[in-house]
Asker: 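Have a look at this one.
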Amino acid sequence: MENRFVVNIIHRPEMVPEYAEKVTGHGKEEDIGRKALLTESLDIFKTQQEIAHKNGLKTTIQMTYASLFNDEAVELAKADHEKYGDEIALTLLGLPCKEFREKYKTKDFCIWMFSMEDKKSIVDDVFGKFKERFGFYPESTGSYYMDAELINYIKEKYPMVKCAVATCWEEGPKAYHTCNNSWYTFLDGGPWAPWIPSKQNVHAPAANEEEDSGIVAIPHLSRDLLACYDGNGSNFGTHPQNVLRSMCYDSKTWEYPYLYNLIDQYRDLAKYNNGYAYNMMFAGPGWMNKMGRWEAPYELLLKSYEDGMAYYGQLKKEGKLEDMTMAEFADYYREKKALTEPECALWRDILYGSDKQLFWYCDPFMRACVNMDQGGAIVDLRPYAAKLEWPVGIGTKHVWDASYPFLIQEKYRAGYFTHYAGEGTVRSAKLTYNGEEVDLCLCRTKAHFSQEGKTRILTLDPVDIEFYDLTVKLQTKLYFEEGSSNIKIERNILEMSNPDAEVELNEYMVACYGTTEYSEDMSNITLSCTDGVNSKEIKYAYKCREEQMEGAKEVVSVIPEIATRVSLSCEKKDAVGYIREGYAFSPMFTLGYMTKLKDKEVFATWLNLAKAN
């Protein structure tokens, strides 16, 4: 199987770069038409283009609305298209300019946050101006985020568009907090790698042709799937800007091995994705201005960009990298990936020197994260199976929150390690023997990836669980079967210090729903367990109630607010299924199974996701 590492390099001639007017204006009254600002922005764009071309790399030039009013910017794009094969595309970033402000009478600049009426009007204005300047419509577009309604409108009106930058990985509360609580737009919970968005929700990949929105979506920046999840996303990506912002470099030598390690870890993802890996760099000129940014002088900003491009250029010379424009990539991706084919990433820490390892899985039915530092617990779960319709922007219920809701999220809903009486969201298991209890979340391990047919398998190294007078060696395996919308989890007792002993295993999932740290109203949730004939039910009322049933075929929670049905199921006849309601201080619900296991026995459960009717 050949390994292909595909890279998109995207530049945009932002005439009024984010943040830059404040920097170049030096206390003067705001003027986004200031000549010094426009000239410097264009100079930086030219520099970025030259650096890419010098290294034998082609780019996608995403023209901003403001740049379409600038003759020099238009001519530069045409010249580089002719000479280097760069694609001339169109971005919906960089809207603010004199013409835009005069027409729309607003300082809003995020396309997804406008009313639907304004979105359509803006798209028509921007696409119309592009056609006027270039004589054709673009095949690629993008923004930090594009909601489903917006993409559906663009595809219907401008069917030649085949590729778009459509989300920014994990830009939720964490990004908000690190922007001094001023970045009022959340877009957590989407894919980290290219995908084909569904017509219903841009985060959730299409499961079939009917759901296919008609475009290939790419992320805004390739992020570190561990450092970025644990901390601020803006600090850890393959844009040199991110690495400087995070201070992950040697201030004396101006070297940044982390940047190259991050690119290499993306190359490594070919192992888990049938020989294909992807990386992208999306750079506006705003961060590279002469005044410097983030304690970094202009000389370091420039050097970091030259070094990053030189690394890509060297990989290309060695035949280890293919540079594509966005439109070329869209064609390649459609040929390469089936709709139900998942994206997988077994990711390790390359920054802090720990042995921490996460496994990320994304397909049309779910996005899940497995944490090996917590014994293979699922610590993030987004139920894409619901294909939740979630209109965004002014005039909707979600003016600023475009995130795809979670069922489990350890950063916003505590995970295993809680400081008090409540529980956090996690999918794990507990072992009990003679009144002693051990949660697998406390058993660090490592994972190995394999694939059998259409099933991706995560095999964890066995862990030793020590009770007062018994040691149990247990191995966990997780199975992600393509197109199944479930995760099978298997616990295998490999050996016991007393072969005649019997331990109790409690497979559990503590969950809730939401997009931020704050609890949502749980009152409409229904919990039930059934053996196929009888069933027991709890209508959530924060009363701490519990029901159980021997031989339960499944234990279920239905969450109307996010149109989601989640269940655990098992095939062991004597296993006891249970459901548990939370209380106001711990507003979660628990689904689980309890069973007894002896030496060499295996117990399997399935976590199932579906759209609630």
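In what follows, every heavy atom counts, from backbone to side chain, and hydrogens, waters and symmetry copies are set aside.
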Asker: Report yes if some heavy atom in the side chain of I487 is under 4.5 Å from a heavy atom in the side chain of V370; otherwise report no.
Answerer: no
Asker: If the plane angle is over 60° it's perpendicular, under 30° parallel, otherwise tilted; pick one for W183 and F109.
Answerer: tilted
Asker: Which pair of heavy atoms, one from N152 and one from S213, lies closest together, and at what distance?
Answerer: OD1-CB, 4.1 Å
Asker: Quick one: pull up NZ in K46 and OG in S41 and give me the separation to the nearest 0.5 Å.
Answerer: 11.5 Å
Asker: When the ring planes of Y137 and F127 are compared, do they come out parallel, tilted or perpendicular, using 30° and 60° as the limits?
Answerer: tilted
Asker: Dump the intermediate steps for side-chain contact (heavy atoms from CB on, under 4.5 Å) on Y256 and S304, then the final yes or no.
Answerer: CA-CA 8 Å; Y256 12 72; S304 68; 3.8 Å; yes
Asker: What closest approach, in Å, do E328 and M324 show between heavy atoms, and which atom pair accounts for it?
Answerer: OE1-CA, 3.4 Å
Asker: Report yes or no: does R382 contribute a side-chain atom to a donor-acceptor pair with the main-chain N or O of Y404 at less than 3.5 Å?
Answerer: yes
Asker: If you apply the rule ring-ring contact (aromatic ring centres under 6.0 Å, His included), what do you find for Y266 with W192, and how did you get there?
Answerer: CA-CA 11 Å; Y266 266 96; W192 63 90; 9.1 Å; no
Asker: Would a distance-only check, ignoring hydrogens and angles, find a side-chain to backbone donor-acceptor pair under 3.5 Å from Y144 to I111?
Answerer: no
Asker: Under 4.0 Å between a side-chain nitrogen and a carboxylate oxygen: does that hold for E481 and K488?
Answerer: no
Asker: Could you check R267 against N3 for side-chain hydrogen bond (donor to acceptor under 3.5 Å, both in side chains), going step by step and ending with a plain yes or no?
Answerer: CA-CA 9 Å; R267 289 168 61 202; N3 278 0; over 6 Å; no
Asker: Any Lys/Arg nitrogen of E156 or K199 sitting under 4.0 Å from an Asp/Glu carboxylate oxygen of the other?
Answerer: no
Asker: With the threshold set at 4.0 Å, does a side-chain nitrogen-carboxylate oxygen contact exist between E255 and K303?
Answerer: yes
Asker: Before giving the answer on side-chain hydrogen bond (donor to acceptor under 3.5 Å, both in side chains), spell out for D264 and Y311 the whole-Å C-alpha distance, their side-chain angles and the decisive distance to 0.1 Å.
Answerer: CA-CA 10 Å; D264 286 350; Y311 191 61; 2.6 Å; yes
Asker: Counting heavy atoms not belonging to D250, are there more than 12 under 6.0 Å from its CG?
Answerer: yes
Asker: Supply the atom-to-atom distance C97 SG to N70 CG, rounded to the nearest 0.5 angstrom.
Answerer: 11.0 Å
Asker: Working to the nearest 0.5 angstrom, can you tell me the gap between C163 SG and I10 CD1?
Answerer: 7.5 Å
Asker: Can you name the nearest heavy-atom pair linking L460 to A447, along with the distance?
Answerer: CD1-CB, 4.0 Å
Asker: Answer yes or no: are there more than 12 heavy-atom neighbours, outside R348 itself, under 6.0 Å from its atom CZ?
Answerer: no
Asker: When you measure from the side chain of S222 to the backbone N and O of M280, does any donor-acceptor pair fall under 3.5 Å?
Answerer: yes
Asker: Assign the ring pair Y333 / Y276 to parallel, tilted or perpendicular, where the plane angle (0 to 90°) is split at 30° and 60°.
Answerer: perpendicular
Asker: So does E318 have more than 12 non-hydrogen atoms from other groups sitting under 6.0 Å from CD?
Answerer: yes
Asker: Start with the C-alpha distance between D230 and K411, add both sets of side-chain angles, then the distance that settles salt bridge (charged side-chain N to carboxylate O under 4.0 Å, His left out), and finish with yes or no.
Answerer: CA-CA 8 Å; D230 284 351; K411 302 301 173 196; 3.0 Å; yes
Asker: To the nearest 0.5 angstrom, please state how far the CG atom of L321 sits from the CG atom of N279.
Answerer: 8.5 Å
Asker: Do other residues, nucleotides or ligands put more than 12 heavy atoms under 6.0 Å from the CD atom of E132?
Answerer: yes
Asker: Are D212 and R334 close enough for a salt bridge, meaning some N to O gap below 4.0 Å?
Answerer: yes
Asker: Quick one: which of D86, L76, I9 gives a side chain to side chain contact (heavy atoms under 4.5 Å, CB included) with Q49?
Answerer: D86
Asker: Donor-acceptor check, side chain of N289 to backbone of P285, threshold 3.5 angstrom: yes or no?
Answerer: no
Asker: Check whether any side-chain heavy atom of R4 lies under 4.5 Å from a side-chain heavy atom of K336, and answer yes or no.
Answerer: no
Asker: Test ring-ring contact (aromatic ring centres under 6.0 Å, His included) on F186 and W400; report intermediate values, then the result.
Answerer: CA-CA 6 Å; F186 290 12; W400 47 266; 5.0 Å; yes
Asker: Give a yes or no on whether the ring-centroid distance for Y278 and F5 is below 6.0 angstrom.
Answerer: no
Asker: Does T178 reach the main-chain N or O of N232 with its side chain, forming a donor-acceptor pair under 3.5 Å?
Answerer: no
Asker: Show your reasoning for whether side-chain contact (heavy atoms from CB on, under 4.5 Å) applies to V7 and M281.
Answerer: CA-CA 8 Å; V7 173; M281 172 110 81; 5.8 Å; no
Asker: Please report the C-alpha distance between V202 and D147 in whole Å, then the side-chain angles of each, then the deciding distance to 0.1 Å, and finally whether the side-chain contact (heavy atoms from CB on, under 4.5 Å) criterion is met.
Answerer: CA-CA 6 Å; V202 79; D147 57 287; 5.5 Å; no
Asker: If you count heavy atoms of other groups shown closer than 6.0 angstrom to NZ of K454, is the number above 12?
Answerer: no
Asker: Could you check whether any side-chain N or O of Y145 sits under 3.5 Å from a backbone N or O of S403, counting only pairs where one atom can act as donor and the other as acceptor?
Answerer: no
Asker: Given the rule in the side-chain hydrogen bond (donor to acceptor under 3.5 Å, both in side chains) test, do Y153 and D124 qualify, once you have shown the distances and angles that lead to the verdict?
Answerer: CA-CA 10 Å; Y153 176 73; D124 291 339; 2.7 Å; yes
Asker: Could you tell me which non-hydrogen atom of A296 sits nearest to which non-hydrogen atom of L244, and how far apart they are?
Answerer: CB-CD1, 4.4 Å
Asker: Over 60° means perpendicular and under 30° means parallel, so classify the ring planes of W360 and W169, tilted if in between.
Answerer: perpendicular
Asker: Whether K387 and E211 form a salt bridge (side-chain N of Lys/Arg under 4.0 Å from carboxylate O of Asp/Glu) is what I want to check.
Answerer: yes
Asker: Just by modelled atom types, is the A402 backbone N or O under 3.5 Å from a matching donor or acceptor in the H203 side chain?
Answerer: yes
Asker: Would you check if the side chain of K131 reaches a backbone N or O of G135 as a donor-acceptor pair within less than 3.5 Å?
Answerer: no
Asker: How many angstroms lie between CG in D188 and CG in D401, if you round to the nearest 0.5 Å?
Answerer: 8.5 Å
Asker: So, does T60 use its side chain to make a donor-acceptor pair with the main chain of E87 at under 3.5 Å?
Answerer: no
Asker: Do K290 and D43 meet the salt-bridge criterion of a basic N to acidic O distance under 4.0 Å?
Answerer: no
Asker: Can you tell me how the ring of F480 sits relative to the ring of F359, calling it parallel under 30°, perpendicular over 60° and tilted otherwise?
Answerer: tilted
Asker: Measure the OG-CD distance between S234 and Q241 for me, rounded to the nearest 0.5 Å.
Answerer: 9.0 Å
Asker: So which heavy atom on R223 is nearest to which on C168, and how close?
Answerer: NH2-SG, 3.3 Å
Asker: Validate the cation-pi geometry between R367 and Y384: distance from NZ or CZ to the six-membered ring centre under 6.0 Å, angle to the ring axis within 45°.
Answerer: no
Asker: Does the side-chain contact (heavy atoms from CB on, under 4.5 Å) test come out yes or no for I215 and K162, once each step is laid out?
Answerer: CA-CA 4 Å; I215 67 152; K162 56 170 89 167; 5.8 Å; no
Asker: Is the distance from the ring center of Y272 to that of W347 below 6.0 Å?
Answerer: no
Asker: Test your reading of the model: is there a side-chain donor-acceptor pair from Y84 to the backbone of L57, 3.5 Å cut-off?
Answerer: no
Asker: What are the two closest non-hydrogen atoms of Q357 and L226, and how far apart are they?
Answerer: N-CD1, 4.4 Å
